[in-house]
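Values in this document were obtained by computation on a predicted structure and should not be read as measured data.
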Amino acid sequence: MNSISWIFFDVDSTLIDETECYNHRIRDAIAGTDITFEQFNEKRIFFAKQNLKGDIEALKFFGLIKTLWHFEDEKPYRETEFVLKSLCEKGYSIGVIANQALGTEKRLENWGLMKYIKLVTASAEEGVAKPDREIFLRALKRADCLPENAAMIGDRIDNDIEPANRLGMRTIWVRQGFSIYQQPINEYQVADYVVDRLQDVLGVLK
């Protein structure tokens, strides 16, 4: 990783813990039904093991409507700020490439994280979402960075790792959230490095 100058992060389940957001959405969706949280969660894991978006597929399976997202339940992982600060101190430039609702930069600012982040490229503002290579190309162009001089860090091998690998970026898969159930199905979904928690990226990026 000696040639890396820019590090791009995903947001959800990478920098930000959305566990309670998903749990809240499930509770709202099953309210008034005889479906238990445990039944829904079991089906969500079943679909996640098939490399599908478990919560969406479970909603379809049970015939439920996707309920509102509770942004108030989002919170940075305990180590997020420490990791970003440490990487900045090592001389890396930090960016974000994420599928997010409008206002990603403002939310990151509210969490006190934007002081470490130079560039935010988010799907709602861009009108294009991962895994489309276009959102990666826009971020790289704005950073004035070649793919081989950039690393992508994310929790999804389909949305984060595969498109970044196809462009020639280096990749780190953080197995957090429901990504722990994913399995690579092609060579491009195999990350250069795999870590089990965000803080472990500091052992990769010296």
Is it true that Glu109 and Lys106 have a side-chain N and a carboxylate O under 4.0 angstrom from each other?
no

Does a salt bridge link Asp28 with Arg25, judged by any charged N lying under 4.0 Å from a carboxylate O?
no

Over 12 non-hydrogen atoms of neighbours within 6.0 angstrom of [atom1] in [X]:
X: Arg27; atom1: CZ; value: yes
X: Lys90; atom1: NZ; value: yes
X: Glu42; atom1: CD; value: no
X: Glu72; atom1: CD; value: yes
X: Phe71; atom1: CZ; value: yes

Between atom [atom1] of [X] and atom [atom2] of [Y], what is the distance when rounded to the nearest 0.5 Å?
X: Ile26; Y: Thr36; atom1: CD1; atom2: OG1; result: 10.5 Å
X: Leu87; Y: Leu202; atom1: CG; atom2: CG; result: 5.5 Å
X: Thr80; Y: Arg78; atom1: OG1; atom2: CZ; result: 10.5 Å
X: Asn23; Y: Phe37; atom1: CG; atom2: CZ; result: 4.0 Å
X: Ser86; Y: Tyr92; atom1: OG; atom2: OH; result: 11.5 Å
X: Leu205; Y: Ile172; atom1: CG; atom2: CD1; result: 4.0 Å

Answer whether the closest heavy-atom distance between the side chains of [X] and [Y] falls below 4.5 Å.
X: Leu119; Y: Phe8; answer: yes
X: Asp192; Y: Val204; answer: no
X: Tyr77; Y: Val174; answer: no
X: Lys115; Y: Glu81; answer: yes
X: Leu113; Y: Ile16; answer: yes
X: Lys118; Y: Ile94; answer: no
X: Phe9; Y: Leu198; answer: yes
X: Glu18; Y: Trp69; answer: yes

Set out, in order, the CA-CA distance, both residues' side-chain angles and the distance that settles salt bridge (charged side-chain N to carboxylate O under 4.0 Å, His left out) for Arg44 and Asp55, then state yes or no.
CA-CA 5 Å; Arg44 181 167 61 148; Asp55 59 319; 6.0 Å; no

Taking all non-hydrogen atoms of both residues into account, name the closest pair between [X] and [Y] and its distance.
X: Ile45; Y: Phe178; result: CG1-CE2, 3.6 Å
X: Glu105; Y: Val120; result: OE1-CB, 4.2 Å
X: Leu64; Y: Ile30; result: CD1-CG2, 3.9 Å
X: Gly154; Y: Asp10; result: CA-CB, 3.9 Å
X: Asp155; Y: Trp173; result: O-NE1, 2.9 Å
X: Ile135; Y: Ala122; result: CD1-C, 4.1 Å

Would Asp158 and Asn51 count as a side-chain contact (heavy atoms from CB on, under 4.5 Å) if you check the C-alpha gap in whole Å, the side-chain angles of each, and the deciding distance to 0.1 Å?
CA-CA 8 Å; Asp158 50 348; Asn51 286 4; over 6 Å; no

Quick one: do Gln189 and Asn186 satisfy side-chain contact (heavy atoms from CB on, under 4.5 Å)? Show the steps, please.
CA-CA 6 Å; Gln189 290 188 358; Asn186 63 52; 3.5 Å; yes

Residue pair Lys130, Glu162: steps toward the salt bridge (charged side-chain N to carboxylate O under 4.0 Å, His left out) verdict
CA-CA 10 Å; Lys130 298 182 299 184; Glu162 179 170 1; over 6 Å; no

Are any side-chain N or O atoms of [X] and backbone N or O atoms of [Y], one a donor and one an acceptor, separated by less than 3.5 Å?
X: Asn165; Y: Thr171; answer: no
X: Ser123; Y: Gln100; answer: yes
X: Arg138; Y: Glu126; answer: yes
X: Arg175; Y: Ile180; answer: yes
X: Ser179; Y: Gln182; answer: no
X: Ser3; Y: Asn149; answer: no
X: Gln176; Y: Ser13; answer: yes

Indicate if [X] and [Y] have the same hydrophobic cluster label, given that clusters are the connected sets of ILVMFWY residues with side-chain heavy-atom separations under 4.5 angstrom.
X: Met169; Y: Tyr188; result: no
X: Trp111; Y: Ile7; result: yes
X: Val201; Y: Tyr193; result: yes
X: Phe82; Y: Leu15; result: yes
X: Tyr181; Y: Ile56; result: no

Give the C-alpha distance, both sets of side-chain angles, the deciding distance and a yes or no for side-chain contact (heavy atoms from CB on, under 4.5 Å) between Thr67 and His24.
CA-CA 9 Å; Thr67 55; His24 200 155; over 6 Å; no

When you look at Glu74 and Arg107, which way does the side-chain contact (heavy atoms from CB on, under 4.5 Å) test go after all the steps?
CA-CA 10 Å; Glu74 295 180 337; Arg107 291 193 293 278; 3.7 Å; yes

What is the ring orientation for Phe62 with Phe40, classed by angle as parallel under 30°, tilted 30 to 60°, or perpendicular over 60°?
parallel

